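Read through the structure below, which is laid out as structure tokens, and then see the notes.
This is a predicted model, so every value here is computed, not measured.
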Amino acid sequence: YGGQFSSEQEIHVNSPFWILSIPSEEMARGLMKRTVCAKSVFELWGHGRSAGELYASLKNYPMDKMLPYLHSDSTYKVHIHTFNKTLTQAQKIKKIDALEFLPFKGKVNLKNPEHIFWILEDYGMDPNNVPEDPFHLYFGRWIADGQRELIESYSVKKRHFIGNTSMDACLSFIMANHGRVKPNDVVYDPFVGTGGLLISSAHFGAYVCGTDIDYNTIHGLGKASRKNQKWRGPDENIRANLRQYGLEKYYLDALVSDSSRPIWRKGMLFDAVITDPPYGIREATRRTGSQKETVKSAERSTENHIFVSSSYHLSDIFFDLLKFAAEYLVMGGRLVYWLPIYRPEYTEEIIPRHPCLKLISNCEQMLSSHTSRRLITMEKVKEFKDQDQNSHLLDGQYMPYRGHNSFREKYFSGVTKRIAKEEKDNQK
């Protein structure tokens, strides 16, 4: 949308209020129609570290920009929002009255005003140490609200069909926004699970499809993930989830398939690939075994049981995913996925790369003191050629990626240490 955060913002990175420069009000409204991260956007008329600074800032705001919203034929009201502090009604009225120097000529209408103005006060992030006066004050005209209500209306708690790793609704919408999903796009999830990521993309008007190696999940069979429910019901499936939100018309299909062996015809088929690969923690990392692997497994098995799947290293999952995106995304299409990280060993070099894909963003979500996952967004910038088939094998930085394979062991070693520490503390 062409916005840019103010350089002043570096001073208060922990503040819930951010100053953003956007070329037009129309762009601001477009941004708020998509975001689940921002509550509201305002046209900033003034701000300061004290009431005096705020008033001085307001007096310097160009009058020609104010007047269209203050004329005698208009109606308005003034809201006060304080972060980390509650004001009495008397305190709020006193702060509003202090703005009498502004040339408001319209009528006050508390129920249905044409223009809404806000006083925003930031009292810091520490609820146990609330200052008497705010750290920063802002005054502005309300433009639009974000889409925060989607987090509640699409909550996994209310969803018809869920699994152990169903993606949180807020994160699903963030991923769809990173993928720049728009109406009539075709969005694909190669590790579709219960289809949580398909729902957010369908909400934005994209046609969605996915694959998963787990037959029971695709067909909604087997044990339920909900508390006090042993088995899944007859209509618990991905299609039912989209039907629940009135999005069934955007559902193409979900197939049982191994992501390491693509089933698609050659060509650029997808506008976005949005997925959350298994990390080996709550869901196993599996792929179908080869003929040779199956024979070896059969020889080792005392009951002559032939295993249908083999382990799928995390590093291989990510390289297969990048190769798939490079081959099947349209030009300018985006790959969005989560990469699990062992934080003490993290460096930028361990982010998987591909010559056809450009890294757009890399955002961290903490999982524990020693582990996190990173939301990786990549964009296709080069057409896929035959020589790109195994490009990662020629990369001199390939070895560091192998560290992803031991993520499960590192994750549980941290859990084990924490449990041991807690037991030791309890014995004191």
Side-chain angles (χ1 to χ4, degrees), residues 1-6 9 15-45 65 68-69 76-77 79 81 83 112-118 120 138 140-156 158-159 167-189 195-208 241-251 270-274 330 332-336 360-361 363 365 375 377 379:
Y1 286 93
Q4 190 171 4
F5 286 110
S6 165
Q9 201 63 56
S15 172
F17 304 108
W18 287 69
I19 299 175
L20 178 65
S21 299
I22 299 180
S24 70
E25 185 172 317
E26 184 184 357
M27 282 190 175
R29 292 183 188 278
L31 178 65
M32 300 311 281
K33 283 179 181 177
R34 296 285 303 230
T35 183
V36 292
C37 296
K39 189 172 183 181
S40 303
V41 65
F42 308 88
E43 180 182 63
L44 185 63
W45 285 17
K65 291 185 177 180
Y69 309 103
Y76 73 94
K77 71 174 177 179
H79 264 305
H81 176 75
F83 185 81
N112 189 28
E114 289 178 62
H115 310 298
I116 305 172
F117 300 92
W118 286 70
L120 306 169
Y138 307 85
R141 179 178 64 90
W142 174 83
I143 294 176
D145 287 333
Q147 305 300 310
R148 299 284 293 173
E149 76 280 355
L150 294 179
I151 299 172
E152 181 61 27
S153 58
Y154 283 88
S155 171
V156 174
K158 303 173 184 176
R159 193 167 297 167
M167 183 62 68
D168 169 77
C170 179
L171 294 177
S172 296
F173 280 103
I174 289 172
M175 292 177 76
N177 281 332
H178 275 238
R180 289 187 171 176
V181 175
K182 60 187 184 300
N184 299 319
D185 277 356
V186 178
V187 177
Y188 171 65
D189 182 354
L197 296 178
L198 302 188
I199 292 170
S200 55
S201 293
H203 172 84
F204 290 128
Y207 294 94
V208 296
N241 274 352
L242 280 106
R243 187 186 307 128
Q244 177 183 350
Y245 301 111
L247 302 171
E248 188 177 4
K249 65 179 180 180
Y250 296 112
Y251 179 61
F270 306 112
D271 297 284
V273 174
I274 300 176
V330 300
R334 289 194 167 188
L335 165 66
V336 184
I360 300 296
S361 67
C363 311
Q365 182 195 24
L375 183 60
T377 303
E379 188 171 299

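Scored by the ring-ring contact (aromatic ring centres under 6.0 Å, His included) test, His178 finds no partners at all (sequence neighbours excluded). By the ring-ring contact (aromatic ring centres under 6.0 Å, His included) test, Phe173 pairs with Tyr154, His203, Phe204, sequence neighbours left out.
Remark: Tyr207 OH to Tyr250 OH distance equals 6.0 Å, nearest 0.5 Å. To the nearest 0.5 angstrom, Met175 atom CE is 7.5 Å from Asp189 atom CG. With rounding to the nearest 0.5 Å, the separation of NE2 in His79 from CD1 in Ile116 is 5.5 Å. Distance CG/Asp185 to CD1/Ile274: 9.0 Å, rounded to 0.5 Å.
Closest heavy-atom contact between Pro113 and Lys77: CG-CG, 3.7 Å. In this structure, Ala28 and Ile22 approach most closely via the heavy-atom pair N-CG2, 3.9 Å. Across all their heavy atoms, Leu247 and Ala202 have their closest contact at CD2-O, 3.8 Å. Nearest heavy-atom pair, Ser172 versus Met167, reported as atom, atom and distance to 0.1 Å: OG-CG, 3.2 Å. Minimum interatomic distance between Ser201 and Val208 (heavy atoms only, all atoms of both residues): CB-CG1, 3.8 Å. Across Arg34 and Val181, no two heavy atoms sit closer than the pair NH1-O, 2.6 Å.
A donor-acceptor pair under 3.5 Å is absent between the side-chain atoms of Thr35 and the main chain of Leu31, judged by distance alone. Under a 3.5 Å cut-off, the side chain of Asp168 and the backbone N or O of Cys170 do form a donor-acceptor pair. Using modelled atom types, no side-chain atom of Glu43 and backbone atom of Glu25 make a donor-acceptor pair closer than 3.5 Å. Side-chain atoms of Asp271 come within 3.5 Å of backbone atoms of Val186 as a donor-acceptor pair (strictly under, hydrogens ignored). A donor-acceptor pair is defined here as one N or O able to donate and one able to accept, closer than 3.5 Å; such a pair exists between the side chain of Ser200 and the backbone of Leu197.
Partner of Phe117 under the ring-ring contact (aromatic ring centres under 6.0 Å, His included) criterion, chosen from Tyr138, Trp45, Tyr69: Trp45.
No more than 12 heavy-atom neighbours from other residues, nucleotides or ligands sit within 6.0 angstrom of CD on Glu26.
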